[in-house]
Amino acid sequence: MSDETLTQAQVAQQIREMDLLRFATAGSVDDGKSTLIGRLLLDSKSIFEDQLEAVEATSHSKGYDYTDLALLTDGLRSEREQGITIDVAYRYFATPTRKFIIADTPGHVQYTRNMVTGASTADLGLVLVDARQGLTEQSRRHAVILSLLRVPHLVLAVNKMDLVGYDQSIYEKIHAEFTQFATKLNIPDLEVIPISALKGDNVVDRSENMSWYSGPTLMHHLEHVHVASDRDLVDVRFPVQYVVRPKSDEYHDYRGYAGQVAGGVLKPGDEVVVLPSGMTSKIAGIDLFDREVTEAYPPMSVTVRLEDDVDVSRGDMIARPSNAPKPSQDIDAMICWMTNEPLRPRQKLAIKHTTRSARALVKDIQYRLDVNTLHRDQDTKELGLNEIGRIQLRTTVPLLCDPYSKNRTTGSFILIDEATGVTVGAGMINSGS
C-alpha cells in the first residue's frame, strides 16, 4: 500500500470516528438564523467558491451593499422571495474537531411543527434573539419546545450586536431576563453569547468590538460542548429494523438483525432478551458494513448476530434481561399536533414507535399547554394546529417504550392519519402502564 493510499485511509477512519453534533437553530422571524448558518459555513471554509460567487451576484442584483449569507440556506423560491425560512433546511459541515448537522428551523409561529421536526434529534438548541428587540414571545416559545424535547444543551445567541453599538448593558439585560425565564424550564446547560452574524463577531473569530465579553465564541462552544454523556449508555435498547439474510455462497448461513442502537452498549458475549417474545440468547457478533466491531453504542447503525436461532422480526427489540422495557398499551404522552384538523378524544390513528407500527385510540386530552406562560388549560376539548398538550392513548399492540426523559428514541413516537398517510402528531412519552 502506498503512503498516499495509507494517508487517505487514515483520514477516512478519522472522519468516521470524529464526534458528531446535531444542532437546531430557533427564534423569531428576522433574528438572523439563516445568516448565522451562512456565516458559520463561510468562516469555517465549508462552502465552494462558486457558491459564494453565486450568492454575491444575487445579493448585488438585489441592490444589497452586503453579501446575503442567508441565501446559502434558504433554498425554496418562496423563502428567497419573502426573506423567511419555511421548511427545515439541513446543512452539513466539519472542522478538524467535529462534524456538524445543522437544522435551520422556521421562525414563524405557523411553522412550529417544522421547528419540532428539526429539533427532535438535536443535541443542542441555538436560540437567536435580536439585540434591538430582546426576548420575544416566539423566543420563549422555542425555548419551551426545546425544553419539552429534552434538548440537553441550549445556546442563546444575542445577535445583531453591531446594530446596538456592541452595548454591554443590552447584552446583560437580555442575559438576565432569559436566565430568569430558563429557571422554569428543564435546561441542564445554558450558554449566552453576544454575536453579529452579518459582521462575524464572536461567531468563528473573537470580536474586537466586544472586549468586555470573556466567554467562548459560538464555534468554539459548538466544537467543545460535551454530548457523549447525554445518551443513555446503561439501558440496552436495539429496535430491529430489518432481518439480514443474504443467502449467497459466501454468506449462506448468515442471519443478522439490522438497526440503530437506541441505548446502552452491545458487546459480543452479552446475554440479551428479544421482546416481546421473551426468548433469550447471547450476542455472537456485531457487524458494520465493511467490518466486525467489538462494541456498539448510540447512535451506531449495526447488524447484530445471535448465537441461537430465535424468532426475531422487524419491530422486535433486543435488550438486556435485567433492565428490559415493560410492554405497554396505555401511553401517557405530550403531543405536538401538526395538522389543521384538530385532535379530539376517541380519534383513531396509526402510531409509529421506533420500528414498530400499530393503531391507537385517543382516550383523553388532559390539558393544553400555553407555551408562552406554561399555563395548563384543563378545560380544552381538542388540540389545534401547532398546539401542545398531554394526552392518553390506548394502542392495539404493546409498545416497548421508556419515558422520554430517559431515552429520546424509545420515548418518542409519531401519529399518522390512516386515510392520507400524513404525519399529524409528534409525541413524547411520560410513562406507560
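Keep in mind that the numbers below use all heavy atoms, side chains included, and drop hydrogens, waters and symmetry copies.
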Roughly how far apart are [X] [atom1] and [Y] [atom2], rounded to 0.5 Å?
X      : Y      : atom1 : atom2 : result
Ile388 : Tyr367 : CD1   : OH    : 10.5 Å
Leu124 : Thr25  : CG    : OG1   : 11.0 Å
Lys160 : Lys199 : NZ    : NZ    : 12.5 Å
Ser301 : Gln241 : OG    : CD    : 7.5 Å
Phe93  : Arg98  : CZ    : CZ    : 10.5 Å
Gln138 : Leu128 : CD    : CG    : 13.0 Å

Pair Tyr166, Asp201: side-chain N/O donor-acceptor within cut-off below 3.5 Å: yes

Salt bridge Arg356-Asp316, side-chain N to carboxylate O under 4.0 Å: yes

Residues Glu382, Arg344: salt bridge by 4.0 Å N-O rule: yes

From CA spacing to verdict: side chain to side chain contact (heavy atoms under 4.5 Å, CB included), Val164, Tyr171: CA-CA 10 Å; Val164 294; Tyr171 160 76; over 6 Å; no

Stepwise side chain to side chain contact (heavy atoms under 4.5 Å, CB included) test for His221 and Thr217: CA-CA 6 Å; His221 182 70; Thr217 64; over 6 Å; no

Over all heavy atoms of both residues, which pair between [X] and [Y] is shortest? Give the atoms and the distance, please.
X      : Y      : answer
Leu190 : Ala182 : CD2-CB, 4.2 Å
Pro216 : Ile193 : O-CG2, 3.8 Å
Leu149 : Tyr404 : O-OH, 2.7 Å
Gly264 : Pro298 : O-CD, 3.2 Å
Leu146 : Ala119 : CD2-CB, 3.7 Å
Ala358 : Thr396 : CB-OG1, 3.7 Å

All pairs passing salt bridge (Lys or Arg N to Asp or Glu O under 4.0 Å) where residues 388-407 contributes a residue, at least two apart: Asp235-Lys406, Arg237-Asp402, Asp330-Arg394, Asp332-Arg390

Any side-chain to backbone donor/acceptor pair from [X] onto [Y]? Under 3.5 Å, distance only.
X      : Y      : result
Arg376 : Gln366 : no
Thr355 : Val240 : yes
Lys326 : Ala324 : no
Thr179 : His175 : yes
Asn407 : Ala262 : yes

Would a 4.5 Å heavy-atom cut-off, applied to side chains only, mark [X] and [Y] as touching?
X      : Y      : value
Leu40  : Arg91  : no
Pro194 : Asn202 : yes
Glu292 : Ile286 : no
Leu126 : Leu222 : no
Ser328 : Leu399 : no
Leu361 : Arg346 : yes
Asp270 : Val236 : no
Val129 : Thr136 : no

Step-by-step side chain to side chain contact (heavy atoms under 4.5 Å, CB included) determination, Asp123 to Val151: CA-CA 6 Å; Asp123 302 304; Val151 178; over 6 Å; no

Geometric class of the Phe181/Phe178 ring pair [parallel <30°, tilted 30-60°, perpendicular >60°]: tilted

Heavy atoms from other residues, nucleotides or ligands near NZ of Lys352 exceed 12 (cutoff 6.0 Å): yes

Asp162: partners by salt bridge (charged side-chain N to carboxylate O under 4.0 Å, His left out), with sequence neighbours left out: none

Do any side-chain atoms of residues 411-425 form donor-acceptor pairs under 3.5 angstrom with protein atoms, and if so which ones, sequence neighbours left out?
unit_1	atom_1	unit_2	atom_2	d
Ser412	OG	Arg408	O	2.9
Ser412	OG	Thr409	O	3.2
Asp417	OD1	Ala419	N	2.8
Asp417	OD1	Thr420	N	3.3
Glu418	OE1	Arg359	NE	3.3
Glu418	OE1	Arg359	NH2	3.2
Glu418	OE2	Arg359	NE	2.9
Thr420	OG1	Val422	N	3.3

Test log, rule salt bridge (Lys or Arg N to Asp or Glu O under 4.0 Å), inputs Asp130 and Arg132: CA-CA 5 Å; Asp130 187 328; Arg132 299 169 301 173; 2.8 Å; yes

Test log, rule side chain to side chain contact (heavy atoms under 4.5 Å, CB included), inputs Leu400 and Thr410: CA-CA 7 Å; Leu400 303 162; Thr410 57; over 6 Å; no

